[in-house]
J.: 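Here it is: the structure, laid out below.
Because only heavy atoms are used, hydrogens play no part in the values below, and waters and symmetry mates are left out as well, while side chains stay in. Computed from a prediction, not measured in an experiment: that's the story for all the values here. When a residue number appears, it is its place in the shown sequence, counting from 1.
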Amino acid sequence: MSDRIEEVREFWNSVADDWDIQVGDDGDSNRRLNSDPVLWNFVGDVRDLRILDAGCGTGYLSRKLASQGAIVTAIDLSDKMIEIAREKANSSGQNIDFHVDNCETMDSLEDNFFDAIVSNYVLMDVPNLENATRAFNRVLKVNGNAIVVFSHPCFPQSRAIIIEGGESLYRWSFSYFERQKCVDPPWKHFTSNFIWFHRPLSDYWKAFRNAGFEITDFEEPRITEQQFHLAETEQQIKNCQTRPYSVAFKLKKV
């Protein structure tokens with residue numbers, strides 16, 4: 001592994017237990033309120049489809065896919081994440097094929113094998129975006145779909161300043177158009193700094209196209225009335241209506 005990949009692997013191993021607390025069995029509040037409804041709309045009916053959960057973490061989405069009848073393979077760079085994911089799937093009696101593997105190479109996976117890929121909040125954490133998108137394309141069947149959700153690169157919430165009245169201001173200590181490894185301080189119950197990789201939104205678009213994908217849908221997920229009952233406060237609903245937390249792409253291998 002490259003030094004940068006190894007650094008990422010060690011980081012996610014170190015926070016695996018805390019991450020499991022964060023996402024649990026149903027995803028954290030951002031996923032439940034904002035992005036998961038979009039993801040499921042893009043995925044559609046998964047019964048009897050071979051689905052790859054690329055960057056599965058502790059496996060909450062893998063388990064949900066399996067419960068809806070998908071034949072699930074799940075990979076993650078972190079062996080600690082995979083250990084937790086495997087234990088949870090086994091305890092619920094679900095047959096999910098977990099691998100420790102790198103999303104930039106997917107060495108354990110066959111070419112042209114999967115009907116669909118889901119990659120949920122992963123691409124901002126891989127050092128080499130182009131390698132990852134090419135690997136996604138390689139393992140996907142022709143006309144198969146890849147659904148990718150990742151933190152909004154234009155509006156990093158970790159760097160937002162909330163002023164009186166609840167308005168959000170976003171500031172950059174470097175050019176938005178410059179690719180950059182970023183390190184953010186711990187948040188909530190985490191005790192470690194978070195590593196992620198900024199690149200402008202246009203770089204994602206170009207990487208998808210150059211890897212051989214057609215972009216068939218795009219959303220900036222935000223809460224809808226159907227999810228209001230899941231919010232804890234009115235302020236949370238307002239935040240989810242007005243702050244762009246993520247982007248979601250539906251890609252087709254052509």
J.: Just checking, any donor-acceptor pair under 3.5 angstrom between side chains of Ser168 and Arg243?
T.: yes

J.: Mark yes or no for whether Asp28, through its side chain, and Gln22, through its backbone, hold a donor-acceptor pair below 3.5 Å.
T.: no

J.: Passes salt bridge (charged side-chain N to carboxylate O under 4.0 Å, His left out), Lys188 versus Asp18? Steps please.
T.: CA-CA 10 Å; Lys188 289 192 175 180; Asp18 283 338; over 6 Å; no

J.: Side chains of Lys253 and Asn112: donor-acceptor distance under 3.5 Å anywhere?
T.: yes

J.: Checking salt bridge (charged side-chain N to carboxylate O under 4.0 Å, His left out) against Asp115, which of Lys141, Arg50, Arg47, Lys252 comes through?
T.: Lys141

J.: Hey, could you give me the CG/CG distance between Leu251 and Asn145, rounded to the nearest 0.5 Å?
T.: 8.0 Å

J.: Out of curiosity, Ile195 CD1 to Arg4 CZ, how far, rounded to the nearest 0.5 Å?
T.: 9.5 Å

J.: For Phe177, look at atom CZ and say whether over 12 heavy atoms of other residues, nucleotides or ligands are found less than 6.0 Å away.
T.: no

J.: Indicate the atoms forming the closest heavy-atom contact of Ser192 with Ser14, along with that distance.
T.: OG-OG, 4.2 Å

J.: Can you find a pair of side-chain heavy atoms, one from Ile215 and one from Trp205, that are under 4.5 Å apart?
T.: yes

J.: Output yes when a side-chain donor or acceptor of Arg159 lies under 3.5 Å from a complementary backbone atom of Ser173, and no otherwise.
T.: no

J.: How far does OG of Ser151 sit from CG of Asn30, to the nearest 0.5 angstrom?
T.: 7.5 Å

J.: Search all heavy atoms of Cys240 against all heavy atoms of Tyr245 and return the closest pair with its distance.
T.: CA-CE1, 4.0 Å

J.: Report the residue from Arg31, Lys64, Arg32 that forms a salt bridge (charged side-chain N to carboxylate O under 4.0 Å, His left out) with Asp26.
T.: Lys64

J.: Answer whether the closest heavy-atom distance between the side chains of Cys56 and Ile82 falls below 4.5 Å.
T.: yes

J.: Decide if the gap between the ring center of Phe11 and the ring center of Phe194 is smaller than 6.0 angstrom.
T.: yes

J.: Give a yes or no on whether Asp111 atom CG has more than 12 heavy-atom contacts from other residues, nucleotides or ligands under 6.0 Å away.
T.: yes

J.: Look up atom CG in Asp53 and atom CD1 in Ile147, then write down how far apart they are to the nearest 0.5 Å.
T.: 11.5 Å

J.: Provide the closest heavy-atom pair for Trp172 versus Pro153 in the form atom of the first, atom of the second, distance.
T.: CH2-O, 3.2 Å

J.: What's the spacing between Thr105 OG1 and Asn131 CG if we round to 0.5 Å?
T.: 8.5 Å

J.: Between Glu130 and Arg209, is a salt bridge (charged side-chain N to carboxylate O under 4.0 Å, His left out) present by the stated rule, with each step listed?
T.: CA-CA 10 Å; Glu130 286 74 16; Arg209 181 194 61 196; over 6 Å; no

J.: For Arg134 and Asn137, test the side chains for any donor-to-acceptor distance below 3.5 angstrom and give the result as yes or no.
T.: no

J.: How close do Gly55 and Val122 get, counting heavy atoms only, and between which atoms?
T.: O-CG2, 3.4 Å

J.: Do we see a donor-acceptor contact under 3.5 Å between the side chains of Gln226 and Thr224?
T.: yes

J.: Is it true that a side-chain atom of Glu104 and a backbone atom of Asn128 form a donor plus acceptor pair closer than 3.5 Å?
T.: yes

J.: Could you check whether any side-chain N or O of Asp101 sits under 3.5 Å from a backbone N or O of Asp107, counting only pairs where one atom can act as donor and the other as acceptor?
T.: yes

J.: Kindly indicate, with the supporting measurements, whether the criterion side chain to side chain contact (heavy atoms under 4.5 Å, CB included) is fulfilled by Tyr60 and Asp36.
T.: CA-CA 12 Å; Tyr60 94 92; Asp36 273 3; 3.0 Å; yes

J.: Would the number of heavy atoms belonging to other residues, nucleotides or ligands and lying under 6.0 Å from CD of Glu178 be above 12?
T.: yes

J.: I'd like to know if the side chain of His99 and the backbone of Ala74 have a donor-acceptor N/O pair within less than 3.5 Å.
T.: no

J.: Side chains of Gln157 and Tyr170: is there a donor and an acceptor less than 3.5 Å apart?
T.: yes

J.: Checking the side chain of Arg63 only, and the main-chain atoms of Gly59 only, is there a donor and an acceptor separated by less than 3.5 Å?
T.: yes

J.: Taking atom types as modelled and ignoring hydrogens, do the side chains of Asn13 and Asp79 form a donor-acceptor contact shorter than 3.5 angstrom?
T.: yes

J.: Under 4.5 Å between side-chain heavy atoms, hopping through other hydrophobics if needed: is there a path connecting Val126 to Trp12?
T.: yes

J.: Within a strict 4.5 Å, meaning less than it, do heavy atoms of the Leu52 and Val139 side chains meet?
T.: yes

J.: Does atom CD of Glu225 have more than 12 heavy-atom neighbours from other groups under 6.0 Å away?
T.: no

J.: Say you draw a straight line from CD of Glu220 to CG of Leu201; how long is it, rounded to the nearest 0.5 Å?
T.: 8.0 Å

J.: Hey, are Tyr121 and Ser35 close enough side-chain-wise for a donor-acceptor pair under 3.5 Å?
T.: yes

J.: Does a side-chain heavy-atom distance below 4.5 Å link Asp17 with Ile84?
T.: yes

J.: I need the minimum non-hydrogen distance between Asp125 and Val8, along with the two atoms involved.
T.: O-CG1, 3.9 Å

J.: Do Trp40 and Val118 make a side-chain contact, defined as non-hydrogen atoms from C-beta onward lying under 4.5 Å apart?
T.: no

J.: Are Tyr204 and Phe249 near enough that their ring centres are under 6.0 Å apart?
T.: no

J.: Is it the case that the side chain of His198 and the backbone of Cys182 share a donor-acceptor pair, with hydrogens and angles ignored and the cut-off at 3.5 Å?
T.: no

J.: Any luck finding a side-chain donor-acceptor pair between Gln235 and Thr233 under 3.5 Å?
T.: no

J.: Determine, for Glu7 against Lys181, whether the closest basic-nitrogen to carboxylate-oxygen distance falls under 4.0 angstrom.
T.: yes

J.: Quick one: does Asn41's side chain have a donor or acceptor within less than 3.5 Å of a partner on Pro37's backbone?
T.: no

J.: Any sub-3.5 Å donor-acceptor pair from Thr216's side-chain atoms to Lys250's backbone N or O?
T.: yes

J.: Which heavy atom in Thr133 sits nearest to a heavy atom in Phe213, and how many Å separate them?
T.: O-CE1, 3.6 Å

J.: For residues Trp19 and Met81, determine if any side-chain heavy atom of one lies less than 4.5 Å from a side-chain heavy atom of the other.
T.: yes

J.: Any donor-acceptor pair under 3.5 Å linking the side chain of Asp76 with the backbone of Gly57?
T.: yes

J.: So do the side chains of Asp25 and Lys88 get within less than 4.5 Å of each other, counting heavy atoms only?
T.: yes

J.: Do Phe113 and Leu140 come close enough that some side-chain heavy atom pair is under 4.5 Å?
T.: no

J.: May I ask you to decide whether Lys80 forms a salt bridge with Glu87, counting only side-chain N to carboxylate O separations under 4.0 Å?
T.: no

